[in-house]
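Heads up: the structure comes next, in structure tokens.
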Amino acid sequence: MAAIKLLSAQMTTEQIKTLLSIFNHAGADEIISPSPYNRYQEIEDTLVIPSFVSPPPEEPKKIQTAPLISQKVACQKAQTSADDAQTFEELKAALLAFEGCSLKYTATNLVFGDGNPHARVMLIGEAPGADEDRQGLPFVGQSGQLLDKMFAAIGLTRQNFYITNIIPWRPPGNRQPTPAEAEACLPFVRRHIDLVSPDFLILVGGTATKTLLGNKDGIVRLRGTWKDYTSEGGKKMKVMAIFHPAYLLRSPSQKREAWLDLIKIKHSLLDAGLTLKGAY
């Protein structure tokens, strides 16, 4: 506005009309204020300029690592902790506190056991897989579903058998447990057997069979025959090794041999007075 006043004092009437026409065509067709207003300053005042200052770094997450414990000390601690456990709850707590197996620090969950803890039949497998690690229950993946179907065929379900593993934590990549890992967990397995106190023990796969029976023969030679087993508490029971369902999924031709083993188990259970519902 001040500029217009300054110019109009030096211009003719025709020139002023021409100037006003230019303003009009540019959209300035009215006078809002007698003083000029800098709208560019208004934009600068309201403009939020992003800060380029880096935020403070987050504290790195603490990763729990396995303590350095010798194999001998780990087995001694496992034996002491297992012997002190008088109930399933105490045994599970002892496993949760046990630091002698590095698999604990790579697994998601402890896989303790499932089924009827007072059953006369107990199954022991190798180690949890990915599905078991996620759910915290043994034999719930594809091989577990096959195992359930196998024993349902002879009238056994998780209502009348109990199931656990030699290793309660999943090995990375579902690899086979090492002898050292199996040895460290063995006292807990033996105590688990004492607490269930079954009459029949079914060892599922070669790892469980070799670990508990201390036999170096393969599962092909060990499967299908009853053997005697004495628990840590002194109870005598019958034990049989069978193929692991994961092996049967890879080698379906061996299902015939697995079915023969199941028939032997069925007849022995019937002779011992067990009621098997829905058995073939």
Side-chain angles (χ1 to χ4, degrees), residues 64 66-119 121-129 132-133 135-140 144 158 161-172 174-215 229-237 239 241 244:
Q64 194 175 16
L68 296 176
I69 301 176
S70 69
Q71 182 67 20
K72 182 178 180 180
V73 172
C75 293
Q76 290 174 346
K77 287 187 174 182
Q79 190 65 60
T80 301
S81 297
D83 290 342
D84 291 342
Q86 302 301 314
T87 64
F88 289 98
E89 290 75 17
E90 290 180 1
L91 183 62
K92 186 174 183 179
L95 276 167
L96 288 170
F98 183 57
E99 297 182 340
C101 182
S102 61
L103 295 178
K104 171 183 177 179
Y105 300 94
T106 57
T108 302
N109 285 304
L110 170 75
V111 180
F112 185 70
D114 191 30
N116 183 353
H118 306 292
V121 180
M122 183 176 182
L123 279 63
I124 301 178
E126 179 180 295
E132 290 78 12
D133 185 39
Q135 299 183 39
L137 293 171
F139 286 93
V140 292
R158 299 199 185 200
F161 71 76
Y162 187 82
I163 188 166
T164 187
N165 283 305
I166 292 290
I167 307 290
W169 297 286
R170 179 198 179 195
N174 287 357
R175 65 164 173 78
Q176 187 174 4
T178 65
E181 291 165 347
E183 184 182 3
C185 296
L186 183 57
F188 296 106
V189 180
R190 288 174 172 161
R191 186 61 183 148
H192 215 148
I193 295 172
D194 281 341
L195 292 175
V196 177
S197 190
D199 296 320
F200 297 91
L201 196 59
I202 312 299
L203 306 180
V204 185
T207 298
T209 304
K210 292 178 182 179
T211 302
L212 273 174
L213 299 183
N215 199 312
Y229 179 83
T230 303
S231 70
E232 293 286 289
K235 181 176 180 178
K236 293 183 178 180
M237 57 192 71
V239 57
H244 197 286

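These numbers were taken from a predicted model, which means no experiment stands behind them. Computation of the quantities below employed the complete heavy-atom set of this structure, encompassing side-chain atoms and omitting hydrogens, waters and symmetry-equivalent molecules.
Partners of Asp194 under the side-chain contact (heavy atoms from CB on, under 4.5 Å) rule, at least two apart in sequence or in another chain, are Arg191, Ser231, Glu232. Applying the side-chain hydrogen bond (donor to acceptor under 3.5 Å, both in side chains) test to Thr209 and every residue at least two apart in sequence or in another chain returns nothing. For Asp199, the side-chain contact (heavy atoms from CB on, under 4.5 Å) test picks out Arg120, Lys235, with sequence neighbours left out. With sequence neighbours left out, Asn109 forms a side-chain contact (heavy atoms from CB on, under 4.5 Å) with Asp133.
Glu132 contributes a side-chain N or O that, together with a main-chain N or O of Val140, makes up a donor-acceptor pair within less than 3.5 Å. Proximity of a side-chain donor or acceptor of Thr164 to a complementary backbone N or O of Phe112 within less than 3.5 Å is detected. Of the possible donor and acceptor atoms, none in the side chain of Thr211 sits under 3.5 Å from a partner among the backbone N and O of Ala208. Looking only at distances, no side-chain donor or acceptor of Asn215 sits under 3.5 Å from a matching main-chain atom of Lys210.
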Contacts table for residues 176-189: side-chain donor-acceptor under 3.5 angstrom, sequence neighbours left out:
unit_1 : atom_1 : unit_2 : atom_2 : d
Gln176 : NE2    : Thr207 : OG1    : 3.1
Thr178 : OG1    : Glu181 : N      : 3.1
Thr178 : OG1    : Glu181 : OE1    : 3.3
Glu181 : OE1    : Arg175 : NH1    : 3.2
Glu181 : OE1    : Thr178 : N      : 2.9
Glu181 : OE2    : Arg175 : NH2    : 2.7

Throw together a table of side-chain donor-acceptor distances under 3.5 angstrom for residues 81-90, partners on residues two or more places apart or in other chains.
unit_1 : atom_1 : unit_2 : atom_2 : d
Ser81  : OG     : Lys77  : O      : 3.0
Asp83  : OD1    : Gln79  : NE2    : 3.0
Asp83  : OD2    : Gln79  : NE2    : 3.4
Gln86  : NE2    : Asp83  : O      : 3.3
Thr87  : OG1    : Glu90  : N      : 3.1
Glu90  : OE1    : Gln86  : N      : 2.7

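Annotation for Asn174 and Pro128: closest pair OD1-O, 4.3 Å, computed over non-hydrogen atoms. Nearest heavy atoms, Tyr162 versus Val196: CD2-CG2, 3.7 Å. Contact between Leu213 and Tyr229 at its shortest, heavy atoms only, is CD2-CD1, 4.2 Å.
Distance check, rounded to the nearest 0.5 Å: CZ of Arg190 to CD1 of Ile166 gives 9.0 Å. Here Lys92 contributes atom NZ and Leu110 contributes atom CG; the two are 6.5 Å apart, rounded to the nearest 0.5 Å.
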